[in-house]
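Below: the structure, in structure tokens.
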Amino acid sequence: MSDTSEPCEQTRLIHAGRRSETGKGRGFNPPVERLSTVLFDSLAELRHASAGGDDGRALVYGAQGTSTTYALEDWITALEGAYRTRLYPTGLAAVAQMFQAFLRPGQHVLITDSVYGPVRGLVREFLEPFGIQCEFYAADGHDIERRIRPETRMIYAEVPGSLLYEMCDLPALSRLCKERGILLAVDNSWGSGLIYKPLALGADISLMALTKYVAGHSDVMMGSVSTTEAHWPALARMSRATGNTVSPDDAYLVLRGGRTLAPRLALHASQALQIAQWLESRPEVARVLHPALPSDPGHTLWQRDCLGSNGLVSFEFKDKDEAQLARFIDTLRLFGLGYSWGGFESLVSVVERQGTRSVTSLKDRGPMVRLHVGLEALDDLIVDLDAGFAALR
Ligand SMILES: *Cc1c(COP(=O)(O)O)cnc(C)c1O
């Protein structure tokens with residue numbers, strides 16, 4: 001490899017976020033640095049650190065970060081192709097902080113109808129009571145332009161969308177936003193920073209639930225917000241003002257998970273595609289949603305804009321009888337029943353058709369299930385699903 005060639009992403013994931021001090025032996029991984037108070041040798045040194053010295057990487061006080069959290073922030077910044085990144089205790093807290101940093105009373109925000117469900121709680125409990133006007137737009141984005149108002153400050157997208165993975169043309173959305181001075185913020189949890197690059201496609205802000213694939217082991221909660229240089233100061237100021245931080249132990253776990261993100265995601269994706277194809281062949285199934293599947297409505301955009309896929313697959317039963325959900329799910333042994341996704345294990349959950357959409361109705365659809373295809377052997381997973389379908393007869 002010549003000195004000028006950029007290493008592949010898979011290589012960068014292994015090496016990013018490491019300090020490069022030389023002259024003494026050091027561990028590959030950052031230490032877990034627990035601290036609140038930082039001691040300085042002189043007033044000048046304290047003032048240098050407090051004024052954001054050493055590129056904002058000097059230790060100041062626990063709330064601003066530790067070498068462990070800085071290492072994770074730098075790693076995510078490399079992954080997202082961002083200017084800077086800030087960490088939050090959960091993915092949902094990252095969304096809340098991002099809204100708080102960029103929206104003001106009287107402004108209007110357009111939110112995708114396929115948004116991660118609990119963000120609707122943020123709309124109800126935080127944005128609307130604080131005078132921010134919220135409006136949902138169709139997950140494929142076809143109605144966005146007519147919904148834009150003079151007071152529209154932000155478009156909040158999730159690509160692909162939660163539960164049904166609708167694709168939206170982000171570069172086109174970005175052009176629309178740039179012409180009008182509107183911020184474009186994207187929930188990139190599906191892409192995990194690796195297989196979708198919102199900032200490269202024209203977004204200003206990209207955030208993730210690190211809880212999912214980046215941490216990847218179902219044992220830690222965290223969120224991140226990454227921005228371009230122009231939008232960094234507003235986020236940094238609000239984060240500092242509100243005192244948000246994460247524990248170094250958790251940051252260590254997330255970075256540890258992130259080192260193997262690329263090979264894990266590749267295996268999740270190949271197994272999920274095979275399961276999606278197998279589901280398509282089942283007589284009980286009306287449709288399968290997974291953007292890497294050629295029959296998926298978003299497949300062409302997925303091919304153009306995504307760099308891979310993941311383990312999420314949803315499908316709809318042909319039969320409208322709701323009772324089959326419990327019979328199918330309760331029969332499964334390997335697909336655990338529970339919230340979240342992105343860990344090493346397979347999970348199943350119900351796609352609720354009430355209260356999950358404002359613009360598009362899912363009421364005419366048959367019962368729907370979301371699978372997270374884990375890293376178990378594919379044949380075992382298919383045997384498990386086959387038993388679930390057998391229980392319907
Ligand atoms: C899970 C999830 C979140 C929230 O992350 P938590 O860490 O669980 O709070 C946000 N967005 C999407 C798309 C998610 O799937």
Side-chain angles (χ1 to χ4, degrees), residues 69 72 76 80 85-100 109 111-123 125-127 136 139 154-168 170 185-198 203 205-226 244-247 250-251 253-255 257-258 261 265 268 272 289-291 298 306 309-314 336 338-345 347-352 356-357 370-374:
T69 60
L72 177 58
I76 291 167
E80 290 266 35
T85 297
R86 184 84 192 193
L87 304 171
Y88 302 92
T90 65
L92 189 57
V95 182
Q97 181 76 98
M98 189 281 297
F99 284 149
Q100 202 176 359
V109 55
I111 300 175
T112 176
D113 208 21
S114 63
V115 73
Y116 171 67
V119 172
R120 288 172 187 272
L122 265 179
V123 167
E125 304 297 332
F126 163 44
L127 295 176
F136 290 95
M154 178 188 288
I155 294 180
Y156 182 70
E158 199 184 310
V159 194
S162 271
L163 303 174
L164 304 182
Y165 326 112
E166 298 95 331
M167 288 297 300
C168 178
L170 206 66
V186 180
D187 183 330
N188 193 25
S189 301
W190 183 95
S192 312
L194 185 64
I195 54 175
Y196 194 59
K197 302 282 183 185
I205 301 155
S206 179
L207 61 87
M208 294 193 278
L210 304 175
T211 310
K212 308 290 168 54
Y213 282 120
V214 177
H217 294 74
S218 309
D219 54 2
V220 57
M221 308 283 307
M222 202 176 293
S224 62
V225 182
S226 305
N244 263 307
T245 193
V246 301
S247 102
D250 289 350
L253 285 176
V254 173
L255 187 55
L261 177 63
L265 259 185
H268 281 289
L289 297 160
H290 178 76
C306 295
S309 181
N310 66 23
L312 291 169
V313 179
S314 295
Y339 294 115
S340 205
W341 47 270
F344 45 80
E345 78 287 10
L347 292 172
V348 60
S349 63
V350 172
V351 177
E352 299 296 348
T356 47
R357 301 284 152 129
R370 180 184 76 191
L371 301 177
H372 174 250
V373 177

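Ligands are counted one by one from 1 in listed order, and the atoms in each one are counted from 1 as well.
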Show which side-chain atoms of residues 216-223 pair as donor or acceptor with protein atoms under 3.5 Å away, not counting sequence neighbours.
residue: H217; atom: ND1; partner: A215; partner atom: O; Å: 2.8
residue: S218; atom: OG; partner: E345; partner atom: OE1; Å: 3.0
residue: S218; atom: OG; partner: E345; partner atom: OE2; Å: 3.0

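- Residues meeting the salt bridge (Lys or Arg N to Asp or Glu O under 4.0 Å) test with R357, sequence neighbours left out: E166.
- Two residues are said to be in side-chain contact when any heavy atoms from C-beta on lie closer than 4.5 Å; L210 and I76 meet this criterion.
- For Y88, there are no ring pair (Phe, Tyr, Trp, His ring centres under 6.0 Å) partners, not counting sequence neighbours.
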For each nitrogen or oxygen atom of ligand 1, which protein N/O atoms lie closer than 3.5 Å, and how far apart are they, rounded to 0.1 Å?
residue: ligand 1; atom: 7 (O); partner: G91; partner atom: N; Å: 2.8
residue: ligand 1; atom: 7 (O); partner: T211; partner atom: OG1; Å: 2.6
residue: ligand 1; atom: 9 (O); partner: G91; partner atom: N; Å: 3.2
residue: ligand 1; atom: 9 (O); partner: L92; partner atom: N; Å: 2.9
residue: ligand 1; atom: 11 (N); partner: D187; partner atom: OD2; Å: 2.6
residue: ligand 1; atom: 15 (O); partner: K212; partner atom: NZ; Å: 2.6
residue: ligand 1; atom: 15 (O); partner: W341; partner atom: NE1; Å: 3.3

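- The ring of W341 has its center closer than 6.0 angstrom to the ring center of Y213.
- With a 4.5 Å cut-off on side-chain heavy atoms, V246 and T69 count as touching.
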